[in-house]
Amino acid sequence: MIDEGLQRWFAAVFAARTSNRSEVTRLGGATSLYAPLSWLARFFAAQTPAVRGPGDVTADHVRALWTHTEGRNNASQRDILHRLRLLWRDDEQLSDEVRAALYEQRLPEVTSAAEVPEYDDVSMQRIMTALRHDVRVARDRLRAGQALLARFRAGQIPAGDPDHDLASLLDIFERTGDLPRAAGGWIASSARKVGGIAEIAGHVCLTSRELTAFCLLLTALTAENFGTVAAWPAVHYRPDADMDGVAGVALIEASKPRRGPERQYMVTPVEDVPEELAAILADDDPEHRLFRSPLKVYLLLVELTQLARRHGGHDLALAGFRSTGAPKDGRWTRGADAKNIARWSAPHGFPTKAPTTEGVEPVEAGRLRQTGIERKRRPVAHTRATMNDHYLSRSETVASQSRTVVADALRAQVAAARKRRSVPVLLASLVERAATDPHGAAREAGLDPQILQRLVTGQQDTVLTGCVDHRKSPTGQPGQPCPESFLSCLGCENARALPHQLPLQVAALDQLNTLRAHIDPATWAARHQMHQERLEDLVGHYREAEQHQARQDLTERQHKMINDLMAGRMDLR
């Protein structure tokens with residue numbers, strides 16, 4: 001036993017953390033906070049001197065708690081200490097030293113964090129086929145039962161008809177929610193003759209497994225949480241007015257308590273598949289549109305659960321009937337329980353834990369949501385940051401794709417950089433050597449000695465650079481003169497830059513810099529930016545003094561040549 005003061009303090013802390021203004025709105029969340037309080041009670045009961053209230057708790061107690069949790073696995077230790085911080089961090093009855101001690105040590109790292117991998121196409125197709133089959137079978141069965149009941153009420157099934165007994169019992173069940181019973185409370189023999197309450201209710205109500213199938217299918221189609229879908233109401237708003245030719249959507253008021261009291265309630269759009277997308281998705285399934293449209297599946301669910309919802313006294317879209325294993329007043333089920341996923345999986349050949357040797361994966365609601373988010377790549381009931389940092393960051397597929405995208409971008413940047421600096425610059429030292437050792441200089445430049453000589457003497461100048469061979473243009477016909485603008489030489493593999501061309505290069509760069517202030521940015525980027533960057537690279541090979549001297553050395557003829565080049569007067573017409 002612990003002191004009454006300690007009990008009152010624990011009760012007050014627990015009440016504050018589970019109030020209607022807290023983020024804890026489900027029984028499971030409250031239980032997860034109650035467990036560490038029970039553990040704390042046992043810890044304080046063994047302390048000497050006794051701890052009678054928050055005023056007796058010291059920083060040494062907190063440090064002892066850290067030691068007390070050692071020996072547990074990291075996940076368990078981390079969970080206990082994390083919840084202890086949640087309970088005590090804002091408790092003003094504790095001293096500042098105690099609350100500071102809560103953060104003296106880092107929480108233990110959990111190295112074996114649970115992964116939630118997406119399903120591959122084969123696994124996803126296998127799961128979706130099983131879900132669609134169950135939904136289709138349930139729809140056909142319930143619509144057949146509704147049609148039988150309608151024929152009976154219209155007087156189309158006489159007393160001698162083989163379907164009369166079943167139809168009459170369906171009529172009673174639909175109106176009362178029960179079947180005729182004998183004096184002892186047992187189902188009447190007339191009902192047992194046609195299969196009992198399970199058989200009769202099955203003609204007009206969904207079973208728990210079928211509700212699970214509907215919930216899993218909607219989870220896969222919308223990427224919403226299974227628990228959120230399970231709590232969807234049947235009441236919704238159709239802003240499209242259900243008109244033909246208008247994109248179909250239903251707005252559903254959903255609840256996700258984990259978002260906190262301020263953001264718990266949200267409006268979820270459940271959309272139809274657009275006509276053009278439905279055509280692309282068409283396959284051998286004659287009802288491909290139905291089972292790929294979240295809106296159509298939701299509306300079908302609402303249609304099939306009207307009777308169960310009326311007798312169950314609630315407004316949830318997922319409503320059914322359970323004939324066994326529940327008291328009479330608890331047979332009208334509501335929502336869907338994730339525990340039933342395993343019960344649904346086994347009859348369909350899916351494992352409930354590890355994949356089979358044939359590679360059949362277990363059906364998990366979390367993985368269906370993960371798969372949907374990875375494929376949609378848009379937030380679903382969370383922020384974009386949560387999607388990126390939580391759902392996408394843990395995905396091997398997304399990580400692999402990201403590495404590919406980053407690598408492609410880096411390669412593109414490298415290629416662009418190389419392209420901008422693709423013109424080799426023949427330095428002054430090489431030009432001087434060509435006068436005394438033409439063959440050695442040519443080997444260093446990777447050129448034929450005669451071509452190098454013509455480049456050095458300016459015989460093959462193309463205004464801003466020299467050309468190795470103007471009849472081997474990368475864009476023109478072999479043997480024909482190059483058709484490109486002289487500005488294109490700045491990125492041509494045949495071009496070589498020499499010192500005597502520096503005045504022209506500096507003049508062209510100065511004109512481009514002057515022109516930039518008077519041109520629309522988009523036009524500048526499209527027409528001139530690449531030329532400017534390439535010229536900056538070429539001119540950057542020379543010192544500031546050399547660039548300044550080149551401006552001084554620019555002749556009138558060269559100045560006119562640059563003006564003609566920039567005005568386009570030197571381009572072929």
Side-chain angles (χ1 to χ4, degrees), residues 20 25-27 131 135 138-139 142-143 145-146 149-150 173-177 201 204-208 210-244 246-273 289-322 329-338 340 365 369 372 379-382:
N20 57 2
T25 57
R26 294 186 186 273
L27 181 60
L131 293 173
V135 170
R139 177 203 59 187
L142 266 64
R143 284 183 174 174
Q146 293 165 355
L149 181 58
F173 183 79
E174 197 276 340
R175 286 185 287 104
T176 67
V204 287
C205 293
L206 296 175
T207 66
S208 295
E210 289 167 344
L211 292 177
T212 301
F214 262 104
C215 197
L216 285 171
L217 182 57
L218 285 169
T219 297
L221 292 174
T222 63
E224 291 280 356
N225 279 310
F226 182 91
T228 301
V229 175
W232 274 359
V235 179
H236 57 274
Y237 172 62
R238 293 293 300 274
D240 58 0
D242 199 17
M243 295 186 298
D244 292 336
V246 178
V249 63
L251 301 181
I252 302 172
E253 185 175 346
S255 174
K256 190 175 181 182
R258 190 169 56 188
R259 290 160 57 95
E262 303 298 333
R263 301 171 59 241
Q264 171 180 348
Y265 298 101
M266 56 190 178
V267 175
T268 299
V270 180
E271 301 171 296
D272 194 7
V273 177
R289 180 77 184 277
L290 166 62
F291 295 110
R292 286 177 171 80
S293 166
L295 175 62
K296 291 187 181 297
V297 174
Y298 170 75
L299 294 179
L300 174 62
L301 173 64
V302 172
E303 172 199 333
L304 299 180
T305 55
Q306 293 181 57
L307 186 151
R309 193 162 40 253
R310 171 158 52 88
H311 288 300
H314 61 84
D315 65 349
L316 295 186
L318 287 153
F321 183 81
R322 182 170 53 188
D329 58 354
R331 290 180 174 178
W332 297 102
T333 60
R334 61 181 69 188
D337 193 338
N340 285 331
R369 174 169 165 80
V380 180
H382 52 240

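Closest approach of Ala365 to Phe226, counting heavy atoms only: CB-CB, 3.5 Å. Here the closest non-hydrogen pair linking Ala138 and Leu206 is CB-CD2, 3.6 Å. Here the shortest heavy-atom pairing between Ile252 and Pro233 reads CG2-CD, 3.4 Å. Nearest heavy-atom pair across Ser293 and Asp272 is OG-OD1, 2.6 Å. In terms of heavy-atom proximity, Leu142 sits nearest to Cys205 at CD1-O, 3.7 Å. The minimum heavy-atom distance between Leu318 and Val229, with the atom names listed, is CD1-O, 3.7 Å.
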Just do the side chain to side chain contact (heavy atoms under 4.5 Å, CB included) check on Leu299 and Arg238 with the steps written out, would you? CA-CA 11 Å; Leu299 294 179; Arg238 293 293 300 274; 3.4 Å; yes

Apply the test side chain to side chain contact (heavy atoms under 4.5 Å, CB included) to residues Arg143 and Leu300: give CA-CA distance (whole Å), side-chain angles for both, the deciding distance (0.1 Å), then the verdict. CA-CA 11 Å; Arg143 284 183 174 174; Leu300 174 62; 3.6 Å; yes

Is there a side chain to side chain contact (heavy atoms under 4.5 Å, CB included) between Glu253 and Val235 once you walk through the steps? CA-CA 8 Å; Glu253 185 175 346; Val235 179; over 6 Å; no

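Counting heavy atoms from C-beta on, the side chains of Arg139 and Glu303 never come closer than 4.5 Å. Here the side chains of Thr222 and Tyr298 are not in contact, with every heavy-atom distance at 4.5 Å or above. Looking only at side-chain heavy atoms (C-beta outward), Thr305 and Phe214 stay at 4.5 Å or farther from each other. A heavy-atom distance below 4.5 Å is found between the side chains of Trp232 and Leu218. Residues Leu307 and Glu174 meet the side-chain proximity criterion, which asks for heavy atoms closer than 4.5 Å. Side chains of Val249 and Glu271 form a contact here, defined as non-hydrogen atoms less than 4.5 Å apart.
Within the 3.5 Å criterion, the main-chain N or O of Gly312 finds a donor-acceptor partner in the side chain of Arg334. A donor-acceptor pair is defined here as one N or O able to donate and one able to accept, closer than 3.5 Å; such a pair exists between the side chain of His236 and the backbone of Ala234.
In this structure, CZ in Arg322 is found 11.5 Å from OG1 in Thr207, a value given to the nearest 0.5 Å. Here Leu221 contributes atom CG and Leu216 contributes atom CG; the two are 11.0 Å apart, rounded to the nearest 0.5 Å. Taken from CG in Leu301 to CD in Gln306, the straight-line distance is 10.5 Å, to the nearest 0.5 Å. Note that the OG1 atom of Thr219 and the CG atom of Asn225 stand 8.0 Å from one another [nearest 0.5 Å].
In this pair, Phe173 and Phe321 present their aromatic rings perpendicular. The plane angle is above 60°, beyond the 30 to 60° band.
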